[in-house]
Amino acid sequence: MISDCVDLHTHSTASDGSLSPPQLINLAAKIRLKAISITDHDTIEGCVEAVDTAAHSPVEVVPGVEISADARPGGMHLLGYLISLGDSDLTGLLGRLQEGREKRNQEMVRRLNDLGIDIIYDEVLSASGGGQTGRPHFAATLMNKGVVRSFNEAFIKYLGRDCPAYVGRFRPSPAEAIHAIRGAGGVAVLAHPSTLERAVPHTFESVLRDLTEQGLQGMEVYYPDHGPRKTARYEALARRYKLVATGGTDFHGQAKPGIYMGVGRGEMRIPYAVVETLKACRRENITGLP
Ligand code: AMP
Ligand code: FE
Ligand code: FE
Ligand code: ZN
């Protein structure tokens with residue numbers, strides 16, 4: 001039984017998940033989760049769409065977003081929980097992220113054309129089926145057209161960082177993302193810290209300390225890729241830096257096979273108490289826990 005449990009990291013069709021916001025909420029109700037957060041990449045459109053369904057569901061929907069921030073090397077994802085969906089500074093920042101993605105996509109089509117590949121943007125758009133369009137849809141299109149034989153080959157030859165068709169896109173600094181989340185009344189949380197640690201293995205703790213000085217309030221300690229040792233280490237770091245320890249599965253539906261809502265690969269259980277802690281954090285607008 002997973003009643004009284006939550007999943008604070010899920011993606012809908014508004015970004016790169018395979019289920020629509022109402023389908024996510026219905027699935028959560030079916031498996032008896034008490035709350036979920038829809039944390040789409042760089043958009044709150046799924047959360048806005050979820051409001052109506054949520055009003056008629058036993059499942060509480062925690063407004064959320066996952067912002068891609070600029071961190072070198074690698075990248076950094078920052079979760080914003082309990083944000084106000086109408087905040088103009090936050091929606092402005094998300095608008096800049098969407099525009100940046102659109103511009104980058106068009107530039108990538110030009111680069112592919114320059115490389116002699118016959119591809120038009122409409123083909124890529126139809127691969128995304130109306131959701132957020134990105135490199136995975138370029139890969140699918142290149143595969144469908146027989147330019148590459150596999151998804152991986154598309155990234156290795158054309159789309160990966162340092163490849164000839166790769167174009168970067170606008171990302172705010174971590175401080176700017178944290179500021180926008182907190183300005184919208186939300187709680188700023190570092191998503192899947194293991195990804196960041198992989199990029200900066202020797203300086204991870206000092207990067208985390210800098211983030212807390214910039215206003216970070218939580219860290220996603222419980223995550224499918226974190227085994228017992230990593231989980232214990234992130235729990236200790238969360239205590240040291242007075243961060244709320246949150247958790248979620250990063251559920252993308254069919255788009256990320258093997259990850260199930262609420263339980264990850266089967267082992268995760270996130271108690272509702274985490275949502276209460278986030279609410280207390282939001283109310284007090286404090287940098288961490290007392
Ligand atoms: P975008 O946000 O459009 O730059 O696309 C990023 C997405 O592309 C990631 O979330 C991954 O799903 C996918 N991706 C990035 N790099 C690779 C890679 N080397 N191999 C396969 N998929 C990748
Ligand atoms: Fe994703
Ligand atoms: Fe992420
Ligand atoms: Zn995610």
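When a ligand or atom number is given, it counts from 1 through the structure's own listing order. Residues take their numbers from the sequence shown, with the count starting at 1.
Counting heavy atoms from C-beta on, the side chains of Gln132 and Gln98 come closer than 4.5 Å. Contact annotation: the side chain of Leu94 never approaches that of Thr43 to less than 4.5 Å [non-hydrogen atoms, C-beta and beyond]. For the pair His77/His41, a side-chain contact is recorded, criterion being any heavy-atom separation below 4.5 Å from C-beta on. Taking 4.5 Å as the limit, some side-chain heavy atom of Phe251 sits within range of a side-chain heavy atom of Leu19. No side-chain heavy atom of Lys103 sits under 4.5 Å from any side-chain heavy atom of Arg169. You'll find the side chain of Thr13 reaches within 4.5 Å of the side chain of Pro21, heavy atoms only. Within the 4.5 Å cutoff, side-chain heavy atoms of Leu159 are placed close to those of Met108.
Taken from CZ in Arg110 to CG in Leu115, the straight-line distance is 13.5 Å, to the nearest 0.5 Å.
Residue Asp16 has no nitrogen or oxygen atom sitting less than 3.5 Å from a nitrogen or oxygen atom of ligand 1, judged on distance alone.
Taking the N/O/S atoms of His9 in turn, the shortest distance to the Zn ion (ligand 4) belongs to NE2. For the Zn ion (ligand 4), the nearest N, O or S atom contributed by Asp250 is named OD1.
With Tyr222 as the partner, the side-chain hydrogen bond (donor to acceptor under 3.5 Å, both in side chains) test is satisfied by one option alone out of Glu235, Glu267, Arg269: Glu235.
Distance screen at 4.0 Å: atom 15 (C) of ligand 1 has a protein heavy-atom neighbour inside the cut-off. Protein heavy atoms all stay at least 4.0 Å away from atom 10 (O) of ligand 1.
For the Zn ion (ligand 4), the N/O/S atoms of His192 include none lying under 2.8 Å. For a distance bound of 2.8 Å, the N, O or S atoms of His77 include none lying that close to the Zn ion (ligand 4).
Closest to atom 2 (O) of ligand 1 among all protein heavy atoms lies Arg101 NH2, 2.9 Å. Protein heavy atom in closest approach to atom 3 (O) of ligand 1: Arg104 NH2, 2.7 Å. Nearest to atom 13 (C) of ligand 1 among the protein's heavy atoms is Phe155 CZ, 3.7 Å. Looking only at heavy atoms of the protein, atom 6 (C) of ligand 1 is closest to Arg135 NH2, 3.7 Å.
In this structure, His252 and His11 have parallel ring planes: the angle between them is below the 30° cut-off, well short of the 60° mark.
When Gly134, Pro136, Ser150 are ranked by how near their heavy atoms come to atom 8 (O) of ligand 1, first place goes to Pro136.
Geometry about the Zn ion (ligand 4) gives an angle of 90° between OE1 of Glu66 and NE2 of His11, rounded in steps of 10 degrees. Around the Fe ion (ligand 2), the two atoms OD2 of Asp16 and NE2 of His252 are separated by an angle of 100°, to 10 degrees.
Heavy-atom contacts of Arg169 reach the following atoms of ligand 1: 2 (O), 4 (O) (cutoff under 4.0 Å).
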